[in-house]
Amino acid sequence: MTFDKQHYKELLLEQKAKGMAILASLDAKTPWRRLEKFGILGMNKRNGDYIAKYNSRRHYPLVDDKLKTKKLAEDAGLAVPKLYGTVQTEHEIPDLVEQLELIGDFVIKPAHGSGGEGILVIMKKTSQGFRKSSGQIIGEQGLVHHISNILSGMYSLGGLPDTALIEQRVQFDPVFADISYQGVPDIRTIVLKGVPVMAMLRLPTHESDGKANLHQGAIGVGIDLKTGKTLRGVMHEHTVIHHPDTGHLISDLAIPNWERILQLTAHCYDLVGLGYIGVDIVLDRQHGPLMLEMNARPGLSIQIANQCGLLTRLEQIEAIQNLPKSIPERLALAKILSE
Amino acid sequence: MRDLHVKLLAIGLLIFATSLIFYKATMLDLPLFPSEEVEVWSVEARVAFKPKEGPVKVRFSLPSSPEGFVIADENYVSGKYGLAVEPSANNRVAEWAIRRARGQQVLYYQLQLARDDTDLSTPKLDIASKHAQRVYFPSVPGYSEATATIVNALLDEVRQKSADIKTFTRELLLRFNAEQPDENVQVLLSNIKTEKARVELLRVVLAGARIPSRMALVLSLHDGIKHGKLVPWLQVHDGKQWLSFDPTGSIAELPNNAFIWQVGASPLLDVTGGKNAMVDFSISRHTQEPIFLAERRARKLDSHAMEFSLYSLPIQTQNMYRILLMVPLGAFLIVILRNVIGIKTFGTFMPILIALAFRETELLWGIALFSLVVALGLGIRFYLEYLQLLLVPRLAAVLIIVIILMTMITLFSHKLGFTHGLSIALFPMVILAMTIERMSLIWEEKGPSEALQQGLGSLLVASLGFLVMSNAVLNHMVFVFPEFLLIILAMILILGRYTGYRVTELWRFREVLKK
């Protein structure tokens, strides 16, 4: 069977028209109705109708444990930041620190962390200690304490003992040099049943302390799925055109390797078998797009960044009975979505 | 499909629970809402006698269904005596028996009477009493010649001034009780010494007019009476019912605070094999929650629904369940506040535990103490962070510090004379320690504003939870009708499939709404 793009396009557009007709028939008097009219996905609907429906609990460990995700991705040939090593017990720490002094440029993260908690980015080993991405210096003792906190489960769900991962620090693509501050910008894509439905670029700011977390004041920038060009940015729910720290324009920027990025996100679905995931991807200046992590409970802020509700697109995909199997075909669907 | 399943399940639960509540509220008359306390009279009859040689048998008349009251409880203190209670025509009779007894003997009968205006119990017993009480019209007694003249003159006079049996009796009593009775009455009363004899005389006179009458022994209820006695009253039958008359007055109605202990001529107390038998009554008044009474009354009806009543548990267990059964209401509140409103809290049910602790401290003090302990603990936690301790020892250290803080606050407030500070000990300290740990983590990871937001959210939810869980009406409903929990379960199930927006999302997506 050959891939009939036109057929799928018709199906998608038909569902979109159907959805739009329903939405248009709604009166927008109450705020609830207005959110519905914009196709905004709420927390309860996400939990009840998407996560509970498409994400089977037995697959969760594949994305909740970053070590497993990484192994899985490496085996499948997906590009991920290189793993330098793992720490499971306290007494491994002193040896490790010696090795880390030699590497001098790495990231420490908890295997079960969530929301970017517990991630320590070290740029360089200096005479005073390790220099963090923020420019602060952390001593050897501080590093040991951080790792032991990770091991004792401070950042893991339920406080269970955890593993610390030491991995290659991503040196982000110079295309983002002007529009990020300190941290590493990443690209979050929501993938439903293997079809990317919405994406955003997250830019760290001074306020977010170099973290790509929208809650803490990072900028979320919507991305046109078809072209890979950035749309407007949103910081703390307010529209921004220029980066507050660097002053550079953040919209209408073409993200390099966009096709490759989309491929990676779609591939992740085949890897873990979770129907509704968020995939985080970074652009390394040497290695190109690298898959950082996946999230089985991706947040809803992406809708604010794109100034567009997820629900219409999700329902478009759900309307199609037999989704195409191959990645290029699924990407073709994704591109129709944003039309 | 799944939605339908949930809805059917919820509707099934709702129907089952509401019908059970309806049955208990209407058929068993359990009050839906807590009401004010009702007065309960405790009556204790003390029977004392000296036994002779040989077996002893004590027959003592007991009231069966006093009008206007319900017997909430009764007890027999019988010692080594065997006891049987047998119903007779109008009364019940307690029969105590023993083969041999020595020394002064005392037996007790204790009765708890509650005023019952609903009159639920009477219809049932009426049918029984109709069979039991066939009223005989007495034949005219054989008076002596002199007496016959007097009685006939008196009856003629009274008949002239009356219309029916009620007014007839009243007129007769007026003549007997006049300050200056006329000569006829004076002659009749000349040999009368006791109240009982007086009533017997009245009966004899009434028999001359063929009016059925009987003697009733009445107990007046006054708080604090130690050696009360039964007072003989006169009852006449007007063809429909027995009317009671105070032989020293003329009013045909029992006062509110009196009830008939015994009717008929049979002796109140009959001791065979004993002497110097006497009985006296002590009476005291107290108040009780009406639910106790309704509950006992319902149990007397022998309903299966009452076999699972929580009131059958020991009091201490009951009190525990009073608290425990309120937790689902708190959980329901959490579901609404988190999934419908969207308030952020530390942990899912932690606010409920805090709210339970507030029960001991009262709300404002609870909030103050909670904030104080968490704030102080947070300060110390930041210092511990500087020491770079491992996680579990650090948590243990925070726990110990929380307990020390609580002890200090209690000692301090005791010195200052506040009693509220003493109740802090019931605060769940492990929960406090975890709260401090989580709050400090969020403080560092997500900033102070997020930490304070969640802290205030938890406190708000805990306060609301306290208000719900300490609500007297809800407490009563859940405890008397535990099936109320099924209604809550049904509502939670329905909310479990609520996929609409949360109220806070209207704020979160306000930028989209502006378009």
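A, B, ... follow the sequence lines: proteins, then strands. Residue 1 opens every chain.
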Engaged part of A:His238 at the chain B interface, taking heavy atoms whose separation is under 4.5 Å: both
Sort out for me which of A:Ile40, A:Val144, A:Thr239, A:Asn149 touches chain B most, counting heavy-atom pairs under 4.5 Å. A:Ile40
Is B:Leu441 in contact with chain A via its backbone, its side chain, both, or neither, using a 4.5 Å heavy-atom distance? side chain
CZ (B:Phe16) with more than 12 external heavy atoms under 6.0 Å: no
What I'd like to find out is whether the side chain of B:Arg394 reaches to under 4.5 Å of the side chain of A:Met154, using heavy atoms alone. yes
Which value, rounded to the nearest 0.5 Å, describes the distance between B:Phe509 atom CZ and A:Leu41 atom CG? 7.5 Å
Donor-acceptor pair, side chain of A:Asn44 and main chain of B:Tyr501, under 3.5 angstrom: no
Answer yes or no: are there more than 12 heavy-atom neighbours, outside A:Glu101 itself, under 6.0 Å from its atom CD? yes
Just wondering, do B:Thr504 and A:Met43 contact through their side chains at under 4.5 Å, heavy atoms? no
Hey, is the main chain of B:Thr499 close enough, under 3.5 Å, to the side chain of A:Asp49 for a donor-acceptor pair? no
Is it the case that over 12 heavy atoms from other parts of the model lie below 6.0 angstrom from the OH atom of B:Tyr498? yes
Against chain B, label A:Glu90 side chain, backbone, both or neither, depending on which of its atoms sit under 4.5 Å from a heavy atom there. side chain
Using non-hydrogen atoms only, which part of B:Arg497 is less than 4.5 Å away from chain A: side chain, backbone, both, or neither? side chain
Where on A:Leu300 is there a heavy atom nearer than 4.5 Å to chain B: the side chain, the backbone, both, or neither? both
Whether over 12 other heavy atoms sit under 6.0 Å from B:Met434 CE: no
Determine whether A:Ile304 and B:Arg508 make a side-chain contact, defined as any pair of heavy atoms from C-beta on separated by less than 4.5 Å. yes
